[in-house]
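Below is one structure, written out as structure tokens; comments come after it.
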Amino acid sequence: DFMKQITFKQYRTIDLVFLSLIAAIFESVATLATNNWFVKQPMAVSITLTITCIAAFRWSYYAFIPALVGSLMHCITSGATIEQFIYYCGGSLLFLVSIPLLKRIGKEKVRNDFIIRSFYAIVAYISFALGRWILSLLFEVSLNNLVVFLSTDILSLLFAIVVLTLAKGGDGLLEDQKSYLLRLDKERREEEEADLSDPFNNSY
């Protein structure tokens, strides 16, 4: 069994790399599509918010990794300036303030309640926009930038809510991974004990 051959840290690393790759690939595709085919559209779809929200469920503060990777790929594929790299990537780290909220409410409760789950996605969305706007003030003091960050990515929020709703049905997908692995191990042990206690289990 593969899971028995790797450590918890190795599993976390593999999972975060996988999530970061998804963020990088889809963010690049979405950004290139927006810049080349939907230039006149006032809104764009970013997958980074969705992946970061999922990573937060799974690994809490380690969610900063796919958040940075997705933001970085957006900047690279959009031909961003140095200033944009700084406030777009650095500002995304304000997302981390939403994780105490996730823990306070309880990941299980957030996962199973549509209203609370949507509220969490909105808080994450606003924290992304607010963080980028705050850092953008280092280069240009403008309230309009905040309006731009919030309005152009509104489809990303809707996308995140839809995907999180679909993902909640996946076993362990929106679950703290340490708790998830402990649950799997407990279920495995219970099955083994049930098999040993059943005198007819190996009759045939």
Side-chain angles (χ1 to χ4, degrees), residues 16 19-20 22-24 26-28 30-31 34-35 38 41-107 109-111 113-165 167 174 176:
L16 287 168
L19 290 172
S20 297
I22 293 176
F26 283 92
E27 191 67 35
S28 299
T31 303
T34 300
N35 291 342
F38 306 105
Q41 296 297 321
M43 293 179 286
V45 177
S46 169
I47 196 175
T48 298
L49 174 66
T50 302
I51 296 298
T52 306
C53 284
I54 292 174
F57 270 94
R58 298 170 72 83
W59 304 110
S60 294
Y61 291 100
Y62 283 98
F64 84 89
I65 297 174
L68 275 179
V69 171
S71 299
L72 181 63
M73 292 309 299
H74 170 80
C75 289
I76 291 174
T77 51
S78 64
T81 63
I82 296 298
E83 291 82 3
Q84 290 172 326
F85 266 95
I86 293 173
Y87 67 69
Y88 206 85
C89 296
S92 66
L93 295 180
L94 191 64
F95 164 83
L96 296 175
V97 303
S98 68
I99 294 180
L101 174 67
L102 180 63
K103 290 184 173 183
R104 176 97 178 167
I105 297 175
K107 294 181 179 180
K109 191 172 183 178
V110 175
R111 180 171 69 102
D113 190 296
F114 176 77
I115 300 298
I116 299 176
R117 189 170 59 250
S118 299
F119 172 71
Y120 170 68
I122 291 171
V123 171
Y125 168 71
I126 292 175
S127 67
F128 262 96
L130 195 60
R132 290 163 178 171
W133 175 66
I134 291 173
L135 284 189
S136 75
L137 295 177
L138 296 173
F139 311 101
E140 179 187 6
V141 180
S142 173
L143 180 61
N144 183 61
N145 286 340
L146 178 58
V147 176
V148 171
F149 287 135
L150 287 171
S151 60
T152 56
D153 280 340
I154 192 67
L155 289 179
S156 301
L157 171 59
L158 297 177
F159 181 75
I161 292 174
V162 170
V163 173
L164 290 176
T165 298
L174 291 185
D176 180 85

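Any value given below was found using the heavy atoms of this structure, including those in side chains, with hydrogens, waters and symmetry copies removed. Position 1 is the first residue of the sequence; numbering continues from there.
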Looking at F85, I'd like to know if its CZ atom is crowded, meaning that more than 12 non-hydrogen atoms belonging to other residues, nucleotides or ligands lie closer than 6.0 Å. yes
Distance (rounded to the nearest 0.5 Å) between I116 CD1 and R111 CZ: 13.0 Å
Any chance you could measure I76, atom CD1, to M73, atom CE, to the nearest 0.5 Å? 5.0 Å
Acceptor/donor pairs from residues 58-71 side chains to any protein atom, 3.5 angstrom cut, sequence neighbours excluded:
| residue | atom | partner | partner atom | Å |
| --- | --- | --- | --- | --- |
| R58 | NE | D15 | OD2 | 2.8 |
| R58 | NH1 | G172 | O | 3.2 |
| R58 | NH1 | L173 | O | 3.2 |
| R58 | NH2 | D15 | OD1 | 2.9 |
| R58 | NH2 | D15 | OD2 | 3.4 |
| R58 | NH2 | Q177 | OE1 | 3.3 |
| W59 | NE1 | D15 | OD2 | 2.6 |
| S60 | OG | K107 | NZ | 3.1 |
| S71 | OG | A67 | O | 2.8 |
| S71 | OG | R132 | NH2 | 2.9 |

Would you give the length of the straight line joining atom OG of S28 to atom CG of L72, rounded to the nearest 0.5 angstrom? 9.0 Å
Using modelled atom types only, decide if a donor and an acceptor are shared between the side chain of D153 and the backbone of S156 within a distance under 3.5 Å. no
Using the test ring-ring contact (aromatic ring centres under 6.0 Å, His included), find all partners of Y88 that sit at least two apart in sequence or belong to another chain. H74
Inter-residue atom distance I47.CD1 - T31.OG1, 0.5 Å rounding: 11.0 Å
Atom CG in D113, atom OG in S118: separation rounded to 0.5 Å? 8.5 Å
Evaluate side-chain contact (heavy atoms from CB on, under 4.5 Å) for F149 paired with N145, printing each intermediate quantity in order. CA-CA 6 Å; F149 287 135; N145 286 340; 4.2 Å; yes
Give me the atom names and distance for the closest heavy-atom approach of L19 to I51. O-CG2, 3.5 Å
Which pair of heavy atoms, one from L135 and one from I86, lies closest together, and at what distance? CD1-O, 3.6 Å
How far does OG of S127 sit from CG of L49, to the nearest 0.5 angstrom? 8.0 Å
How far apart are the C-alpha atoms of F57 and L102, what are their side-chain angles, what is the distance that settles it, and do they pass the side-chain contact (heavy atoms from CB on, under 4.5 Å) test? CA-CA 8 Å; F57 270 94; L102 180 63; 3.9 Å; yes
Main chain of G91, side chain of W133: is a donor-acceptor contact present, judged purely on distance under 3.5 Å? no
In a check of side-chain contact (heavy atoms from CB on, under 4.5 Å) between V97 and each of L101, L94, I99, which one passes? L94
Minimal non-hydrogen separation, I54 against L164, with atom names: CG1-CD2, 3.8 Å
Could you go through the side-chain contact (heavy atoms from CB on, under 4.5 Å) check for I105 and Y120 one step at a time? CA-CA 10 Å; I105 297 175; Y120 170 68; over 6 Å; no
Tightest non-hydrogen contact, residues R117 and T165, listed as NH2-OG1, 3.2 Å
Can you say whether the rings of Y87 and F139 are parallel (under 30°), tilted (30 to 60°) or perpendicular (over 60°)? tilted
List the atom of L137, the atom of S142, and the distance in Å for their closest heavy-atom pair. CD2-N, 3.8 Å
Is it true that a side-chain atom of S98 and a backbone atom of A124 form a donor plus acceptor pair closer than 3.5 Å? no
